[in-house]
Structures are given as C-alpha cells and as structure tokens.
**Q** 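The structure that follows is given in the form of structure tokens.
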Amino acid sequence: MSLDERYEPSAVEQAAQQYWDSHNTFTAHEDNAREKYYCLAMFPYPSGKLHMGHVRNYTITDVISRFQRMQGKHVLHPMGWDAFGLPAENAAIAHRVSPAQWTYSNIAYMKQQLQSLGLGVDWSREIATCKPEYYRWEQWLFTRLFQKGVIYRKSGTVNWDPVDQTVLANEQVIDGRGWRSGALIEKREIPMYYFRITDYADELLSSLDELPGWPEQVKTMQRNWIGKSRGMEVTFPFDADLKAAGLGEGLKVFTTRPDTLMGATYVAVAAEHPLATHAALNNAALTAFIHECKSGSVAEADIATAEKKGMATGLTVQHPFTGEALPVWVANYVLMNYGEGAVMAVPAHDERDFAFAQQYQLPIQPVIATSAGNTTPAPWQDAYAEHGTLINSGEFNGLTFESAFEAMEARLKARHLGQSRIQFRLRDWGISRQRFWGCPIPIIHCDSCGDVPVPEADLPVVLPEDVVPDGSGNPLNKLPGFFECACPACGKPARRETDTMDTFVESSWYFARYMSPQYQDGMIDPAAACYWQSVDQYVGGVEHAILHLLYARFFHKLMRDEGLLHSNEPFQRLLTQGMVIAETYYREATGGKKLWFNPADVTVERDSKGKPVGATLNSDGQPVIIGGIEKMSKSKNNGVDPQSLIDQYGADTARLFMMFAAPPEMSLEWSDSGVEGASRFLKRLWKQVVDHLAKATPAMLAADTLDDHQKALRRKTHETIAKVTDDYGRRHTFNTAIAAVMELSNDIGRFNDDSPQGLAVEREALESAVLLLSPIVPHITHSLWAALHPGTAAVDQSWPVLDEQALIRDSITLAVQINGKLRAQIDVPADADKAAVETLAQANENVQRFTAGKTLRKVILVPGKLINFVISD
RNA sequence: GCCCGGGUGGCGAAAUUGGUAGACGCAAGGGACUUAAAAUCCCUCGGUUGGAAACGACCGUACCGGUUCGAUUCCGGUCCCGGGCACCA
C-alpha cells in the first residue's frame, strides 16, 4: 500500500476502522489454548454525550488492551451502559420524554462517538443495565439472597421534601433545601431493603491484602471506610422510674476508649433515640429541639459540619461503676444509625466532647496522664486524646490502655453491664430507592404471607418504559397495572413493591455479565466464568475508590458463594484515573440559585502574569463569577466536549494528546493548548515514513558492521523499546512512553545516512516507532505499517523485541560532585573501575579548583551515574 | 468535621530504588524559506549574576524545620487545591 504525501486523519481512521470491523479483530471467544487478558473500563452513564473523562478512561483501557494483544494475550475489552439513574428522570421532568427514550437515544449517540475513537472493543458483548435481559438476573439473585437472609428489611432515614412530597437524593438537597421546591428538608424514616454487607466486613478487609495490583491509596481508603475497631459495649443503668417506663435496664453505648470510662461526665443520644422521645413527652422545648435536629439532609458531611447543638433531657443515668448520676443530653452530632445511637462523653479526652462540654459548661474530668499534662485546659490539644496511664480512676489508676481495657471488661462483665466487641464503621447497604428509573425490587407484599419474593418463573419484573415521571413521588405508585398482583404463596390479592434498586447494584456485577452477555440459562455461563475468572486490569475514576469498588467486591463474593464465580476478588489490578477537571463559571439568579456556564462560552481576562482576573459571557459580554476548578460534570456545566477535538484533528490526535498531557493517575486540568503539538508530531512521523519509503530499499541489517553513528541510532531504538515496554506494561505512564518515541523520532530526523546499512537502521527505528505507538494512535500506525509491510496489519504484529546487544556502550558520561554539588561531567570507559574513575575525575580542572587545599574525606561512586568527593577544610 | 491524594519554569509535565532538577511538548522571542501569510525548518528559552566569548558562580521543586556525603524523593509541622463521606454516577 502506498502512502499519500499528506496525512488525512479522516480517511486514515475510516480505513483502519473498516479493516478491524471486517476482520472481527476485537471479537473475543473462550479459547483455552491461549492466555486470557480481561481489560475493563468503568462503563459510562449515558448522560448525553461523551466527556473528556470518558475519552481518557477508554483510551487508557484501549492502549492496555492493544498492548496486551501484541504481547500475545487473548484480550477481552467489552463496553456497555450503566443505564439506570437519576438524570434520566430529571430529563424526563424537564423535557416530558420517558427516561427510557432519553436513555436509549443517548446510548445510540454516545456509541457512535465511542466508535469514532477507534476503540478495540468487542461490541458484540454490549450490555445496557436498563434492559430486562440484564436486570432479570439481578432480580433472580435478589430473590435467592432474600431467601438466604443476606437481604432484609428495616427502617432507614431519607431526605424528605415536604412540598414536592418526594424523597430527595443528597445531591438534590442544597443548603438544607429541596432543589426544585426550595422547601426545608426533613429526615424521615421509611422501610427499606438492606444487603448484609457487614457480614462480609472482615473478608472485605482481609482480602485487600491479596491485591498487590491495587493502589495503596485505594486500599487505605477502603480499610478506613470499613473501619474495624475493638471497643466496649457499656450499659449505663437507668433509675427505677425509667425502668418502669419500659425503656429497658439501661442506656447502651459503644466506645473504643473504655480506659476513659471514669472520665465520662455525661451521655448523649441521637434525636431519634427512644430515650429522647421519652424525655420529650412533657417537654415542649425538647420536642422543638428534636424536631430541629430532624431538619436538614442526611448527608454525613452536612451533619459533621453543622454547628454542634444539644439540649439536656433532664434525665440521668447511672455510671456503671460509681453509680454517679450522669445527665442525658440530646445532641445533633450523635447518629441513630451508628453503633447504638448513644455515646458516653469524656470531654477531657475527646475533641468533640470537649467542645460540647465547653459550650454547655459540662464538667471535664481528666483520667489519662498524657504528654500534654494531667489536666485538660482550653484550647484543645491533640495530645489530650493520646493513650497513657490512668489517673483519677480509683482502682484502675496506673493501668495502661491495654490493661485498663481488660480490667474494665472484667468488672463490667461481672456486673452484666458490658463486654468487648468488634465494631465496624461500615453499615449495611440500603438499596431501596423511591424512584422510577431503576430495577424493580422483586418482592410482593401480602397481608397474610408478608414479604414474598417473586418466583423465578415470573421474572423479570419488567419496568414499564413508556412512563414520564412528573417529579412528585414514584410514578409506579400510580400504576395499578404494575403494583396490583396476586400473592405467589397464597394467591390472595397483594401489592407489588414499587421501590427500585440503587443503581450501584447494576454496576456491582456487570463485569461478570460481560463474560457471557447473551447467556439465557443463568446469570453467567459456567464455561465463560471458568475461562475469564476475573478482570485482569480495571480502570476508572478515582472518585469510585470507595463505594463502587467496595460494592463490586462484595457482590463478587456473594456470587462466589452462590457458586457463580470461582475467584475471591473481581479486579486483579486497578488503575484509578485522575479526574479531568476544569474551571467553573456561574451567575446567581434570583433566589440564590446558581446558573452555570460552560467554559467554551466564557472569555477569561488575565493579568500580565497570566493570572485570571475576571471572566465574561461571550453571548452578552457581561461578567460571570469564577467558581473554582472542579471535576467536569453536568451539574456544574464545565464539561468540554471532546467531539469538536475529534472532528477537527481526528481520533488519533485526541487520543495522543489525552495520553501525553499527564500520567493517568494524576488529575488533568483541561486546557486547549497542546493539541496542536500532538497533531504536529503525527504529521512529522507520517512525513518521516513517506520520505524513508522514497529512498532506496534498505539492506538487511548487519548489526556488527555498523559505524558509531549508526550504532547510536540503533541504541536509541532499543533503549526506546525497553523504556516504552516498561511504561506500558508496568508503570502505565503513557506520557513518558510518548515522550520517548518523540525523542526517537527526533533522532531519526537528525540521522542522515542513505547508505544501505544506514537505511536499514533507519527502517528498524521507524518500524519500532510505529509499533510502539500503535496502541495509542492505532489508525495512523495502521496506515504507516501497511506502507512499510504491504499486506500485513499493525494490530496483528507482535511487540518489538529488545536486542540487549544494541544497548551496550563503550563510554559513559558521569556526573562529578563535590559535597553533593555538581561540578563537572566526565566521559569514562564503560568498564572503568572505581580507582580509574577517581583518577579521571580528579584530573578534571574544575575538580582541582574546588578541592585545592582541602582534605578529601570520602569518595562515593554510584556506578553509571556519578562520583561524589566529600571534602572539608 | 473525618478519610485519601496533589502542589516542580509563562503552561502541561519529567526525574522509576535517596544520586546530574526541568526530558518531551505547548506558548513566547529571534532567524531561514515566501511577494506576503499559513505551513515547515533552525536557534534561544527557570531566576539572579560574572565574562568579549568559551565558560562560570549563586539561588531555585508551596512554606518552615530535620535526617543524609547528597532530598522534588524520607521524617515532623504549616498553608493552599482536588476527590470521597453511604440517595450524583
């Protein structure tokens, strides 16, 4: 195939994509004869159009997939759609179109966009989670887990919008108000279904150690999230009147610091705690305070940053050892669904209790000798929370944390007032959503039989696709055709559950469905599960480091325990891609609502140093407010559309630029400049191949006949192969791989040797450059390779092989330091020993100047790098 | 508030295990080619400073301190920015 003089991306890209399509290049089959490699990108939510984060994510997995393919692996690289979710309902409300229609048309558009990127994806395995073929297996698994007791029902707290009469997501609560109604949000208790993820807490924690291919950072976040701690359950006995009121024997709390028990000066309970409810019966002020605590969102960040408030109940409980009466307070920082919904407060040794005690003049009793002293004066110091020797604790004085723990436990046990316990921060996973566009929960409520799972033969429970939500509650509640049914157990009229599942459920097992996406007889084809096992490399945004990855790990274990999968962990290696972030711009509309403007529609004014001083909207020239840099998102309207980039420069330039701009794990602040450079490089490479082909036919390369100049280029070629192979395979730093090939290309450009061996060396360098770049820019390299080797395809080539012989050098350049400061550079023979290097270095004029009249203390030689003379006066 | 990251030229970044800070690219300036422009090619490009030049000196990786012959890298502290916090995905 001959090469056009000019590089025309659109023609080149079309030709390459047609070749791959017509050869089914990326279709994956189970093939036990070959080693498999399952490479997976976190699948996209079909929000409307591709954003830069998608381009980054799928280019990374494509580069890894193509690299592994050239290494001889049998690669699975699938793609699909995380298709249920809130934005579809919002679009439905805004545009009066059904969520299904909106979602399917987005999928169609985005699929065509993804295909224009030239991804080596097996599209025959495409899935969409909103299709009954997919979610029927989710419902099937749900019914099995429900029967097994892994799923159960209890009450949970949600954000309630009293005006729209609807449950709101945390995202829809802004400054404590509903985003549409503006109404003050209330917390409300409703029944929900829960997965017993806490039953797997220990394994989710311990098997993190089996994942050396995961970033330490992510494992740390997961460990902290699961939050295993050993502590003490302590009961503070009630007085007779409380016992008489039927509230039990005492107030149960959990503490990780039982050694400070003698310093407890009050106890605090959540607003929803039965003791608070009891105390409020004849106390209007307390009733009002409890009501106030129930306003605002349920988000932990809101609760934790809210002003700490409390009110005394007038009740007391007894200290378990001293019998002292401790006041009971209601506090907004105590959470009902955390531990026992009550805490013992030790202001001397807990920062939050300390602040609370200061605010309400509660006593502070130090009971630990800390490095900050034996008192706890304001302001708070971190040292107050240290472990130390017990003081002011009667019989426990002098004990350490560990011995106090044991002594306290023995004494509590003897009085039946407590015992040690392992506590997890992790809570069971509530999956009920009062929303339409999600997978229906396959449960039927029968007055006689209770909660009955839908029998397998009646699955799937199909979500109607022609419904348009209006923003007031779940439309399924208004569809008798959906919820009216007969009890599968007794046949009496019953009501179908109308809540749908958290969309995290679909994304917790899609990686397994890709193994056999069309399989009709079960969730996964056993043969496929056997071959593909688990994902070798998973790639996705770091924002999913906790929730999605934890839920997927949990589901993998659930499915393993159902006999569906045969490994312990779903993702062997994990690459967390940094976010693509961009500046945000907004104006405040009446009522404080923010209107966000896209960076493409805004002009930024800068001062002489390049710092932004203001910004105006292009359409009206009026100023907008610069809102700070944030992750590209629909809600902040700061996404940059990659389509214009692809249209203008082609997919290869877009891919190259994305990979070159930063290493994958780093967040990438978007800027338009730099794209030009990527495009320029591809044009230059194209021209180098054109020019090379116009010259005479190269001779067979005879490596041992080369002159120094030829040897140097050949060495550069093989140094580049070594570097790029390591960058792709181990480091995943595609930016430095590209830089290395650019250096090689620069050397080729400077190499001017049209002798037969010169051309042979140049040919090897060019072929290597083309293959090394092919995972990143597969289209242009497809054309270039076809021109260099007519009748063959770059995608089917094996990875370039390193020739160690080509790397050998005769002499090397060493840095010469004096007291660690660079003073000279010398060339030494590659095989010179330390003494020879020292002699050569000391002969250097600069070295003599700096060492004259000084005493040489030490010589440090780092072979191949530097020699350092340590001197003194 | 809590947990996890990040901060290096005008800009994106590199320096992989403690060993030559700024590779590679963008922008900018100068030059060649051109009637001109675009494109392309060549040169300069962290700061201060000495020198006619060749070539040097000092400072410099957010800030303060420490360990080391040597620190962008390790340790302690501070500031700023980003992500997550269980109903955005």
Side-chain angles (χ1 to χ4, degrees), chain A residues 42 44-45 47 82 85-87 156 158-159 167-173 215-218 220-221 223-225 227 297-306 308 333 337 351-352 426-435 502-504 507 541-548 550-551 576 578-579 581 609-610 628-631 633-635 657 660-663 665-669 671 673-678 680-681 683-684 687 726-727 730-731 733 735-736 738-743 746 749 813-822 825 846 857-860 862 865-866 868-871:
Chain A
M42 291 179 185
Y45 177 78
S47 54
D82 186 14
L86 198 52
V158 295
N159 302 308
V167 176
L168 294 184
N170 284 336
E171 190 193 48
Q172 298 171 312
V173 180
E216 215 43 61
Q217 168 210 152
V218 173
T220 304
M221 279 194 266
R223 281 189 194 106
N224 292 340
W225 184 263
S297 100
V298 300
E300 191 190 311
D302 292 339
I303 294 164
T305 51
K308 307 281 176 288
Y333 65 81
N337 52 5
E351 185 170 7
R352 205 175 46 184
L426 182 68
R427 313 198 289 261
D428 275 343
W429 176 17
I431 55 109
S432 294
R433 298 291 178 269
Q434 300 67 47
R435 284 187 227 303
D502 182 359
T503 58
F504 270 125
S507 57
V542 66
E543 68 271 25
H544 297 292
I546 295 176
L547 290 181
H548 162 61
L550 191 69
Y551 293 147
T576 47
M579 259 155 311
I581 53 182
K609 286 176 185 157
I629 296 159
E630 291 189 57
K631 111 173 138 163
S633 74
K634 232 179 164 164
S635 58
F657 173 65
F660 186 55
E665 279 168 313
M666 202 179 277
S667 63
L668 192 159
E669 189 181 335
S671 85
S673 62
V675 180
E676 216 35 81
R680 213 148 41 207
F681 171 66
K683 281 186 205 158
R684 204 154 49 221
K687 189 165 184 302
D726 187 44
D727 283 353
R730 181 181 63 90
R731 297 215 303 155
T733 49
N735 56 330
T736 53
I738 294 165
V741 181
M742 283 175 169
E743 282 188 54
N746 289 343
T813 305
L814 279 192
V816 183
Q817 294 184 338
I818 290 161
N819 286 347
K821 269 185 182 292
L822 180 70
Q825 297 208 345
N846 232 8
R857 298 280 176 204
K858 205 170 169 187
V859 180
I860 293 158
V862 182
K865 296 254 180 191
L866 61 79
N868 185 17
F869 295 101
V870 183
I871 58 169

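The structure displayed is predicted, hence computed values, not measured ones. To find a chain, count down the sequence lines: A is the first, B the second, and so on, and within it residues start at 1.
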**Q** Side chain of A:Leu86: nearest nucleotide among B:rG1, B:rC88, B:rC26?
**A** B:rC88
**Q** Starting the side chain at C-beta, find the nucleotide from B:rC59, B:rU20, B:rC24 nearest to A:Asn746.
**A** B:rC24
**Q** So what does A:Ala678 touch, heavy atoms closer than 4.0 Å: a base, only the sugar-phosphate, or nothing?
**A** nothing
**Q** If you count the non-hydrogen atoms of other residues, nucleotides and ligands that lie under 6.0 Å from NZ in A:Lys308, is the total more than 12?
**A** yes
**Q** Can a side chain N or O of A:Lys821 be found less than 4.0 Å away from OP1 or OP2 on B:rC59?
**A** yes
**Q** Pick base, sugar-phosphate or nothing for A:Arg352, based on heavy-atom distances below 4.0 Å to the nucleic acid.
**A** nothing
**Q** Nearest to the side chain of A:Arg731 - B:rA86, B:rU16, B:rC69?
**A** B:rU16
**Q** Is any side-chain N or O of A:Arg680 closer than 4.0 Å to OP1 or OP2 of B:rC26?
**A** yes
**Q** Using purine N1 to pyrimidine N3 plus N6-O4 or O6-N4 for Watson-Crick, or N1-O2 and O6-N3 for G-U wobble, each under 3.5 Å, what pairs with B:rU78?
**A** B:rA62
**Q** When all nucleic acid strands are considered with a 4.0 Å heavy-atom cut-off, which category describes A:Met666: base, sugar-phosphate, or nothing?
**A** sugar-phosphate
**Q** As a test of reading the structure: which of B:rU16, B:rG1, B:rA89 is closest to the side chain of A:Asp82, going by heavy atoms?
**A** B:rA89
**Q** Measure distances between side-chain N and O atoms of A:Gln817 and base N and O atoms of B:rG19, and say whether any donor-acceptor pair falls under 3.5 Å.
**A** yes
**Q** How far, in whole Å, is B:rG47 from B:rA52 if one measures between their C1' atoms?
**A** 24 Å
**Q** In this structure, how many angstroms lie between the P atom of B:rA28 and the CD atom of A:Glu676, rounded?
**A** 11 Å
**Q** Give a yes/no answer on whether the side chain of A:Thr503 brings an N or O atom under 4.0 Å of OP1 or OP2 in B:rA89.
**A** yes
**Q** Under 4.0 Å: is that the gap between some side-chain N or O of A:Arg433 and OP1 or OP2 of B:rA89?
**A** no
**Q** Please determine, for the side chain of A:Leu822, which listed nucleotide (B:rA21, B:rC88, B:rC24) has the closest atom?
**A** B:rA21
**Q** Counting only side-chain heavy atoms from C-beta out, which of B:rU16, B:rA14, B:rG19 sits nearest to A:Pro663?
**A** B:rA14
**Q** Hey, does A:Leu426 reach any base, or is it just sugar-phosphate, or nothing, if we go heavy atoms under 4.0 Å?
**A** base
**Q** Can you tell me the distance, in whole Å, between the CG atom of A:Asn868 and the P atom of B:rG19?
**A** 13 Å
**Q** Can you see if the side chain of A:Asn224 gets near the phosphate of B:rC2 - specifically, an N or O under 4.0 Å from OP1 or OP2?
**A** no
**Q** Mind checking if A:Phe660 touches a base, just sugar-phosphate, or nothing, with heavy atoms under 4.0 Å?
**A** base
**Q** Using a cut-off of 4.0 Å on non-hydrogen atoms, how would the nucleic acid contact of A:His544 be classed: base, sugar-phosphate, or nothing?
**A** base
**Q** Is the closest side-chain donor-acceptor distance between A:Ser297 and A:Asp302 under 3.5 Å?
**A** yes
**Q** Between A:Ala661 and A:Tyr45, who's closer to the 5' end of RNA chain B by nearest nucleotide?
**A** A:Ala661
**Q** What's the closest nucleotide to the side chain of A:Glu543 if the choices are B:rU20, B:rA89, B:rA23?
**A** B:rA89
**Q** Tell whether A:Arg684 reaches the base of B:rU40 with its side chain through a donor-acceptor pair below 3.5 angstrom.
**A** no
**Q** In terms of the nearest nucleotide of RNA chain B, which residue is placed more toward the 5' end: A:Ile860 or A:Asp727?
**A** A:Asp727
**Q** So what does A:Thr736 hit on the nucleic acid, given a heavy-atom distance under 4.0 Å: a base, only sugar-phosphate, or nothing?
**A** sugar-phosphate
**Q** Counting any heavy atom closer than 4.0 Å, what does A:Gln172 reach on the DNA or RNA strands: base, sugar-phosphate only, or nothing?
**A** nothing
**Q** Looking at every strand, decide which applies to A:Phe504 at a 4.0 Å heavy-atom threshold: base, sugar-phosphate, or nothing.
**A** base
**Q** Could you work out which one of B:rC3, B:rA14, B:rC69 sits closest to the side chain of A:Met221?
**A** B:rC3
**Q** For the pair made of CG in A:Asp302 and P in B:rC85, what is the distance, rounded to whole Å?
**A** 12 Å
**Q** Have a look at A:Asp726 and say if it touches a base, only the backbone sugar-phosphate, or nothing, with a 4.0 Å heavy-atom cut-off.
**A** base
**Q** Mind checking A:Glu665 for me? I need base, sugar-phosphate or nothing, with any heavy atom below 4.0 Å counting as a touch.
**A** nothing
**Q** If you check the A:Lys858 side chain, which of B:rG19, B:rC69, B:rC4 turns out closest?
**A** B:rC69
**Q** Base, sugar-phosphate alone, or nothing: which one does A:Val167 contact when heavy atoms must sit under 4.0 Å apart?
**A** base
**Q** So, is A:Asn819 close to the B:rG70 phosphate, meaning a side-chain N or O under 4.0 Å from OP1 or OP2?
**A** no
**Q** Distance check needed: B:rC26 C1' versus A:Met742 CE, whole Å only.
**A** 10 Å
**Q** Can you figure out which of B:rC88, B:rA86, B:rG19 approaches the side chain of A:Leu547 most closely?
**A** B:rA86
**Q** What's A:Val173 touching, base or sugar-phosphate or nothing? Going by heavy atoms closer than 4.0 Å.
**A** nothing
**Q** Indicate, with a heavy-atom threshold strictly under 4.0 Å, whether A:Glu743 touches base, sugar-phosphate, or nothing.
**A** sugar-phosphate
